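This report refers to the structure that appears directly beneath it.
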Amino acid sequence: MKIFRFLAAAVAIAACAGPRNAADDTKTTFQTSRGWMPEIDNRADAVMVYGVGGNPSDRGRGKSSVEERIASWKDRGYKVDFMTGIAWGEYQDYFTGKWDGKWHLDEGQVNAKGDTIWHGHMVPYIVPTENYLKYFKEKHIKRVIDAGITSIYLEEPEFWARSGYSEAFKREWKEYYGTEWRPQHESPEATYMSSKLKYHLYYRALDETFTYAKEYGRSKGLDIKCYVPTHSLLNYSQWQIVSPEASLASLPCVDGYIAQVWTGTSREPDYFNGVRRERVFETAFLEYGCMASMTAPTGRKVWFLTDPIEDLPRDWEDYHRNYQATFTAQLLYPQIDSYEIMPWPERIYTGLYNKSKDSDEKIRIPSDYATMMQVMVNALQQMPLSKTVVSGSHGVSVMMGNSLMFQRFPTHEGYDDPQLSNFYGMAMPLVKRGVPVSIVHIENLGFEKALADTKILIMTYSNMKPLDPKAHEYLAAWVKKGGILLYAGRDNDPFQNVSEWWNRDGNSYAAASDHLFSLMGIDAGAPAGDYAFGKGLVRIIRQDPKEFVLSEGGDKVLIDAVGELYGGIEMKNNFILERGQYKLVAVMDESVSGDALRLDGMYIDLYDPELPVYQGIEIQPGTQRLLLDLSKVSLKKASVLAAASRAENVEAGRRSLSYIAKSPVSTVNVSRILLPEAPESLKVNGADALDPDCWDEASHTYLLRFDNDPDGVSVEFTW
């Protein structure tokens, strides 16, 4: 199928990335289905107003029109964009026949039992038929462009792997393949074909919708930008969902992505050292890495998302701990400096959740957590791009591809990949030892720099298959020039035998890897061992990567191989990264050491709502820190170093500093203000507020506290 021929067009794809625009310059954004409210006015650069009909979870709340919601945020100075779901949403007028007089509930995604898969009441996950796309463009996309929107975000193009049994899907099968539908559970090949069709349908949906948006926008003199908020390929594969992911880079109508990574995705358990458990920081680190590597060669814009809570009801202590882990993980990618600071602030600031794990008392967000969260998101406004790198041995990469999603459901011939262990088996043992593993997408191998920084590439075909033989040509050329390829796999999973390019049309390879090996003079089914090719080397390990993590100590063969091939690799229990005045630190448990990490120097701890100043700090295993390094700050210029509010209209004079602090109502602002000298006066909203005990002479900072106000609190220091 032509949509899978991405690699040969890689150079042309790169040329599709246009110049930066106003939307590209947006550093922080968030999504909400509500109009402006003082409780959620978090002062990001932009807001994505959600849904013409809002969010399904808001049903019955007396929603205002999308035009009214857009206007309410514009009136508060926000750049206003539009987001809605492409696979689900408030589209009841389509399904019940109000739009065209025909009932369309047969276009929901259906499982083998004949049950529709629902996102909410009368909100099915959708088979995106041409008729549905016609409705979607006319009723939703056109309307928001008419309302003046110039940036559109279509989120979560999701097709559940367990679905594929609806009448609508059967019709699409016949149109796509020219054959009668085959139930996916009957064979690996039927599963593979079903997944490829699901993949194609949302690729087509985004292509048609975004193309329409751009063309309609041009007819009105508008330059429409189109973005895809999407979970990582890792998460979709683990949750058994099929989505276009990296293939969208081949669409010139796609301007970028939002990497939807948060506690809910990163807490999905995985295996390491024989133990199945949540590893939120490590999983988030790999998820963000997956998204960064997917977009890096294409020139597309990408935002990283975090969420201070998650979709499932937990407790505030749980949310707090895991938000800190994911927030740290996102900042360890210094090539990204744009962020979706939160989804659904209405549920964050006004929702009721358990006070703690051991309490059934439901409360709004605790004041100290709200303060810390706002310090964190306001730090993102200052977070710089950086050419610095995370501490550790660089150059070890793990390969992945979109077909990871094709083999997840159902299980065939007893072959299982529990919790995506064939991927995590290659990556988690290294991450846990402080090796900053990179991810390479097989779809991106045609880009010149895809493997430029890779010394050792670890790969397998036990959990994915190459969609294009061109990928093997790129890999062989890379090895010939001196690359080291570590291939782990028994090549006996049932998907090796699906009818695909490596075993048809003149090819007769028993396993996909045999074609790759043949390009390097290695025999089909070659046993474990080392094989030289040109200036490079191929090492074959005849174990599936899942075996490295499903049993205690199972990763020794991998770690020994990487250490030997690398020529000595640094093993540690932490990651450290400097980004301008900020220092990110994560210390891992289950690692080479249970020791805490000690840092010398003077720091402000931004994960503590009191913003304490430390002379040296110790970080325990299993925890993370975002620190402001005072040695990187000039003491000669007054500034707001850290604050649970956004400082606007800042004026720094020779002996004065003034600004307006804005943040949501019913939250507390705590700030560290850098001053050249101890202040002589402080006025907050015109009233005297100086407290000499709040001055810290060692750091030259003043600790300021007051109640927030979205209309602004005026602050003026003199010294």
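Basis for what follows: all heavy atoms, side chains included, without hydrogens, waters or symmetry-related copies. Small disclaimer: the values here were computed from a predicted structure and weren't measured.
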Between the side chains of [Y] and [X], is the shortest nitrogen-to-carboxylate-oxygen separation below 4.0 Å, so that they form an ion pair?
X	Y	value
R579	D629	no
K465	E500	no
R162	D115	no
E564	R539	yes
D311	R347	yes
D555	K432	no
D491	R542	yes
K355	E317	no
K357	D315	no
R267	D318	yes

Side-chain touch [X]/[Y], heavy atoms, less than 4.5 angstrom:
X	Y	result
L584	F575	no
V228	Y202	no
I458	M399	no
D514	I522	no
L475	L451	yes
F272	E590	yes
P436	H394	yes
Y323	D307	no

Under a 3.5 Å distance rule, please check whether [X] uses its side chain to pair with a backbone N or O of [Y] as donor and acceptor.
X	Y	result
K583	Y603	no
E282	V431	no
Q109	E158	yes
N573	S593	yes
Q238	Q419	yes
T411	G414	no
S551	G274	no

Give the C-alpha distance, both sets of side-chain angles, the deciding distance and a yes or no for ring-ring contact (aromatic ring centres under 6.0 Å, His included) between Y424 and F548. CA-CA 9 Å; Y424 285 105; F548 302 152; over 10 Å; no

For [X] and [Y], which I'm curious about, is there any donor-acceptor pair between the side chains at under 3.5 Å?
X	Y	result
Y614	D605	no
E156	W88	yes
Q184	S194	yes
E245	T230	yes
H412	T191	yes
H320	Y607	no
Y192	S403	no

Out of [options], which one pairs with [X] under the side-chain contact (heavy atoms from CB on, under 4.5 Å) rule?
X	options	answer
D270	L234, L420, T283	T283
I484	V479, I456, L457	I456
S266	E287, R279, E278	E287

Quick one: are the ring centres of [X] and [Y] less than 6.0 Å apart?
X	Y	value
Y125	W118	no
W316	Y353	yes
F406	F495	no
Y461	H472	yes

Can you confirm whether more than 12 heavy atoms, excluding those of D416, are under 6.0 Å from its CG atom? yes

Taking the six-membered ring of Y566, is the NZ or CZ of K455 close enough (under 6.0 Å from the centre) and on axis enough (within 45°)? yes

Would K546 pass as a cation-pi partner of Y415, given that its NZ or CZ must be under 6.0 Å from the six-membered ring centre and within 45 degrees of the axis? yes

So, taking the atom named CD1 in I541 and the one named CE in M426, what distance separates them when rounded to the nearest 0.5 Å? 11.5 Å

Go through the steps to decide whether R490 and E547 satisfy the test salt bridge (charged side-chain N to carboxylate O under 4.0 Å, His left out), and finish with yes or no. CA-CA 11 Å; R490 297 183 182 275; E547 298 170 49; 2.8 Å; yes

